[in-house]
Amino acid sequence: MHGLHFPHPIMLSAFGVIFSALVCRLLVYTGIVPLTRPELARSGTFLIYNTLPLAVMAALTLGLGNSAYMYLSVATCQILKSLTPGMTLSLTYALKVEEPNGLIIACVLLICVGTAMASSGEMGLSGLGVLIQLLANASEAFRVVLSQRVLSGSTSLPLVEMQYHVAPWQSMCLLIASALVELQTQEHRSAAIKVVASSPLVFLCASALGLGLQVGALLVIKIAGSVTMKLLGFCRNGILVLFQASRGAENIHNYQLVGHAISMAAFVLYTLVRLNGLGFANSGSRTTGPVKRKYS
């Protein structure tokens with residue numbers, strides 16, 4: 001998108017969510033994927049306690065996350081983002097989605113510390129910037145934990161059905177966030193419309209890829225949990241950096257290598273613990289099965 005001069009990540013994310021909403025609605029309306037809980041479409045309680053919070057948190061994550069770069073250096077933002085798995089783990093416990101034991105907590109903390117070491121560089125601090133980034137972290141943690149609760153908790157919806165309910169509202173919130181953060185002037189809006197109109201196929205493909213990324217992320221959350229999904233992102237970045245360093249394409253300091261090594265080792269241990277079922281004291285969606293909650 002840089003080649004097309006379209007520096008609007010929130011709007012681009014909105015295109016992916018809009019595409020997801022259209023596809024999921026089409027699948028449901030044609031009967032290819034029937035709704036397992038059709039009453040949720042008419043439930044004000046489900047809308048208020050699940051759909052709207054998920055939509056708002058998604059918009060806040062992108063809006064606040066992009067705004068933080070106006071006040072902080074990239075290194076500072078990455079260090080602050082390393083706190084997100086810890087926030088996510090705390091929320092899974094607070095909302096009774098999962099109950100991690102001491103070993104899982106230690107692994108997550110080690111990954112956070114290793115990521116912070118690996119991301120450290122020139123620091124640029126701003127009180128407002130730190131607050132914005134921490135709010136973005138909290139929004140992202142709430143979003144993934146709420147997604148896990150809807151997919152595997154008391155509601156236990158299939159992926160397509162969850163997107164059927166959430167994606168339209170999420171796309172609306174993202175469009176509002178983009179208008180407030182990225183497209184504040186008529187000049188910016190006109191330029192964005194011209195770019196989209198000049199390359200519709202490119203944006204259609206990007207939207208389809210956005211659908212794939214959303215489904216992939218939700219599938220990981222449903223199967224392995226919200227904490228694992230966040231940790232996978234950090235480990236993916238670490239593996240990419242180490243690969244680039246091994247090729248001589250990127251210079252990193254020794255303490256950054258140590259940080260990546262700590263993160264990788266802790267993630268391997270975390271994965272082994274989860275695979276052996278030792279990491280969580282109890283999880284309703286993984287033991288006796290979720291008790292489906294009734295909505296009015």
Side-chain angles (χ1 to χ4, degrees), residues 1-26 29 47-48 50-74 76-78 80-81 84 124 126-144 146-147 162-218 233:
M1 291 302 161
H2 286 291
L4 294 175
H5 303 289
F6 192 81
H8 308 304
I10 301 177
M11 178 61 71
L12 189 61
S13 298
F15 289 157
V17 178
I18 292 171
F19 189 84
S20 176
L22 292 174
V23 169
C24 292
R25 292 266 162 170
L26 182 63
Y29 289 154
L47 176 67
I48 294 172
N50 292 279
T51 303
L52 288 181
L54 271 171
V56 171
M57 289 302 145
L60 284 176
T61 297
L62 287 168
L64 293 172
N66 282 282
S67 298
Y69 288 105
M70 297 171 60
Y71 302 95
L72 301 173
S73 66
V74 174
T76 305
C77 286
Q78 293 304 311
L80 291 174
K81 284 180 181 179
T84 307
S126 161
L128 179 59
V130 170
L131 177 61
I132 291 173
Q133 185 58 64
L134 290 177
L135 289 174
N137 294 353
S139 300
E140 173 66 1
F142 268 109
R143 184 187 69 81
V144 295
L146 287 173
S147 296
M162 175 185 168
Q163 287 298 88
Y164 172 88
H165 293 293
V166 175
W169 292 94
Q170 186 176 345
S171 60
M172 183 177 68
C173 289
L174 287 172
L175 289 174
I176 293 173
S178 179
L180 293 175
V181 176
E182 299 174 333
L183 305 174
Q184 297 176 331
T185 66
Q186 183 60 42
E187 180 182 356
H188 288 153
R189 290 190 288 271
S190 299
I193 292 172
K194 288 180 180 178
V195 172
V196 175
S198 65
S199 305
L201 186 59
V202 173
F203 284 91
L204 182 61
C205 291
S207 299
L209 288 173
L211 169 62
L213 289 173
Q214 285 186 71
V215 171
L218 291 173

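Residues: numbered from 1 along the sequence shown. Since we're looking at a predicted model, the values are computed, not measured. Values reported hereafter were calculated over all heavy atoms of this structure, with side chains retained and with hydrogens, waters and symmetry mates removed.
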Side chain to side chain, [X] and [Y], heavy atoms closer than 4.5 Å:
X      : Y      : value
Trp169 : Val56  : no
Met162 : Cys24  : no
Phe203 : Phe19  : no
Leu174 : Met11  : no
Leu54  : Arg143 : yes

task: Identify the two heavy atoms, one from Val17 and one from Ser171, that lie closest to each other, and give their separation to 0.1 Å.
output: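 That closest heavy-atom pairing would be CG1-N, 3.6 Å.
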task: Work out which heavy atom in Cys173 is nearest to a heavy atom in Ala55; give both atom names and the distance.
output: CB-O, 3.6 Å
Let me confirm one number: the [atom1]-[atom2] distance from [X] to [Y], rounded to the nearest 0.5 Å.
X      : Y      : atom1 : atom2 : value
Glu140 : Leu64  : CD    : CG    : 11.5 Å
Arg189 : Leu183 : CZ    : CG    : 7.0 Å
Ile18  : Gln170 : CD1   : CD    : 10.5 Å
Asn137 : Ile132 : CG    : CD1   : 12.0 Å
Ser198 : Ile193 : OG    : CD1   : 12.0 Å

- prompt: Between Phe142 and Leu60, does a side-chain contact (heavy atoms from CB on, under 4.5 Å) hold up when you go through it step by step?
  reply: CA-CA 11 Å; Phe142 268 109; Leu60 284 176; over 6 Å; no
query: Taking atom types as modelled and ignoring hydrogens, do the side chains of Gln163 and Ser20 form a donor-acceptor contact shorter than 3.5 angstrom?
result: yes
message: For the backbone of Glu187 and the side chain of Ser190, can you confirm whether one donor and one acceptor N or O come within less than 3.5 Å of each other?
response: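 Here the side-chain-to-backbone pair does not exist.
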